[in-house]
Protein chains: 2
Amino acid sequence: MTPYNEGAVIYAQGEPSGPLYLVEYGAVRIHRLTYDGRRQISAFHFAGEVFGFEADGEHHFYAESIDRVGIRTLRPFSEDSNLEGVLPLALQSLIRAQEHLLVLGRRTAMEKVASFFADLNVRQGETGNVYLPMQRSDIADYLGLTFETVSRMLRKLIDARTIRLASTKEVQILNLEALEDLSQ
Amino acid sequence: MTPYNEGAVIYAQGEPSGPLYLVEYGAVRIHRLTYDGRRQISAFHFAGEVFGFEADGEHHFYAESIDRVGIRTLRPFSEDSNLEGVLPLALQSLIRAQEHLLVLGRRTAMEKVASFFADLNVRQGETGNVYLPMQRSDIADYLGLTFETVSRMLRKLIDARTIRLASTKEVQILNLEALEDLSQ
DNA sequence: CGAGGCGTTGATACGCGTCAACCCAGGTGG
DNA sequence: CCACCTGGGTTGACGCGTATCAACGCCTCG
């Protein structure tokens, strides 16, 4: 198990790929930059999730730690391990990417932010308390928005008593039904 | 090998999944509808490509033929076939989905349309002639735009002598470099 | 105490969506 | 064989939602 401090590069675009990575604790962002500095975050990964799939032996994205992270390396392609379990994990990543396509392509800013919180709530155990280790600009780059717009949507959700901010990194869901209606 | 006429449903959201599907000829669209009628096309598939991956035994998208299509069914999960080849195919789908995320999240309408043509050009053999079996609204729903905007971007590309329309369904690329510059 | 990074809020601009009119090609029926 | 109809595509006028630009507050760290 390897620990990383926040903001560390776990792998970079262009590096050779190989192992898979299991998040033991903390959060990771997967992203890519365009020539002109725009950034798209394609995924966040939390404890228990696996990332690092590549088709051709080379990483096409950056993986960076968001907070303090523990990563275990899996080597499913070495001779002494099974390929059995890999396909379901890859399919899980595919499903997530496809769901994200729906959000990016056909949702308003409000719907994007609402569905982001609804998704995190499910992935964090449906406690109604969502932890946001990433900063606003990370959320924006994940949802295809600006951080100002993310901030404004938060304000609207707060004013509507749908959520509450315990701190800038902790969201309490006050009205899950309303949130899910917005997420569609 | 099963032939389908245009507009046929190959599988529907909610149906049990199982086999994979190999396109022998023609084109297929994979899409989903939102409660309020908006549609997101997550992928197009052309001859030689495989689709139909699901994580949990159920289809979460619709697969429909765009024109006349021939489909071969693959049953990699039956006992007499190999699972070997499936992972690379699944990873290919994952890569495509991730690339598409970049396009949907951080590109202008012009860049989306340009990168769509550049992508089709590559997938159709880089001949400089791109065949568009799908209608404008399909392209729009794939790129997260309206069909009017797609039409307007076409007009701009034509006026800039970047492409030419041989017919509404045939694009000739006149200036590949310019197209790729727009695609990033 | 000062500086810098992150977040919020406000004013304004603009890209794309919406709505509407029109064109064109293909198919059908008289 | 032509008139008509229908659906897909194009183009234009306008409005809205989100980006952009800017100011400011707060917290952390030196």
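Labels below follow one simple rule: chain letters A, B, ... track the order of the sequence lines, proteins then strands, and each chain is numbered from 1. This one's a predicted model, so the numbers in the text were calculated from it and none came from an experiment.
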**Request:** Starting from P on C/dC16, measure out to CZ on B/R107 and report it in whole angstrom.
**Result:** 13 Å
**Request:** Identify, between B/T149 and A/A109, the residue whose nearest nucleotide on DNA chain D lies closer to the 5' end.
**Result:** B/T149
**Request:** Would you indicate what B/K169 reaches in the nucleic acid, counting non-hydrogen atoms under 4.0 angstrom: base, sugar-phosphate, or nothing?
**Result:** sugar-phosphate
**Asked** Atom CD of B/E148 to atom P of C/dA20: distance rounded to whole Å?
**Response** 12 Å
**Message:** Rounding to an integer number of Å, can you tell me how far B/M110 CE sits from C/dG15 C1'?
**Reply:** 13 Å
**Fill in**
Rounded to whole Å, the CD-P distance (B/Q135 to C/dA25) equals 17 Å
**Prompt:** Rounded to the Å, how far apart are B/K112 NZ and C/dG15 P?
**Reply:** 14 Å
**Prompt:** Rounding to a whole Å, what distance do you find between A/F147:CZ and C/dG5:C1'?
**Reply:** 11 Å
**Message:** In this structure, how many angstroms lie between the P atom of C/dG26 and the CD atom of B/E6, rounded?
**Reply:** 13 Å
**Request:** Look at the side chain of B/S183 and the backbone N and O of B/L179, then say whether any donor-acceptor pair between them is shorter than 3.5 Å.
**Result:** yes
**Request:** Mind checking the CZ-CD1 spacing from B/R106 to A/I41? Nearest 0.5 Å is all I need.
**Result:** 9.0 Å
**Message:** Would you compute the distance between atom CG of A/L120 and atom OH of A/Y131 and round it to the nearest 0.5 angstrom?
**Reply:** 12.5 Å
**Request:** Report yes or no: is the cationic atom of A/R32 (NZ for Lys, CZ for Arg) closer than 6.0 Å to the six-membered ring centre of A/F61, at no more than 45° off its axis?
**Result:** yes
**Message:** Can a donor-acceptor pair be found, under 3.5 Å and without considering hydrogens, that links the side chain of B/E49 to the backbone of B/F46?
**Reply:** yes
**Message:** Checking A/Q172 now: which residues fulfil side chain to side chain donor-acceptor pair (under 3.5 Å) with it, not counting sequence neighbours?
**Reply:** A/R164
**Prompt:** What is the distance from CZ of B/R106 to P of C/dG15, rounded to the nearest Å?
**Reply:** 16 Å
**Item:** Gap between atom CG of B/L104 and atom OH of B/Y142 - 0.5 Å precision
**Value:** 8.0 Å
**Asked** Is it true that A/D67 and A/K169 make a salt bridge, defined as a side-chain N closer than 4.0 Å to a carboxylate O?
**Response** no
**Message:** What's the separation between atom CZ in A/F53 and atom CG in A/L91, rounded to the nearest 0.5 Å?
**Reply:** 8.5 Å
**Message:** Please give me every residue in residues 150-158 of chain A whose heavy atoms get under 4.0 Å of an atom in DNA chain C, ordered by residue number.
**Reply:** A/S151, A/R152, A/R155
**Asked** So where does chain B start and stop touching DNA chain D, 5' to 3', when the test is distance under 4.0 Å to a non-hydrogen atom?
**Response** D/dG8 to D/dA13
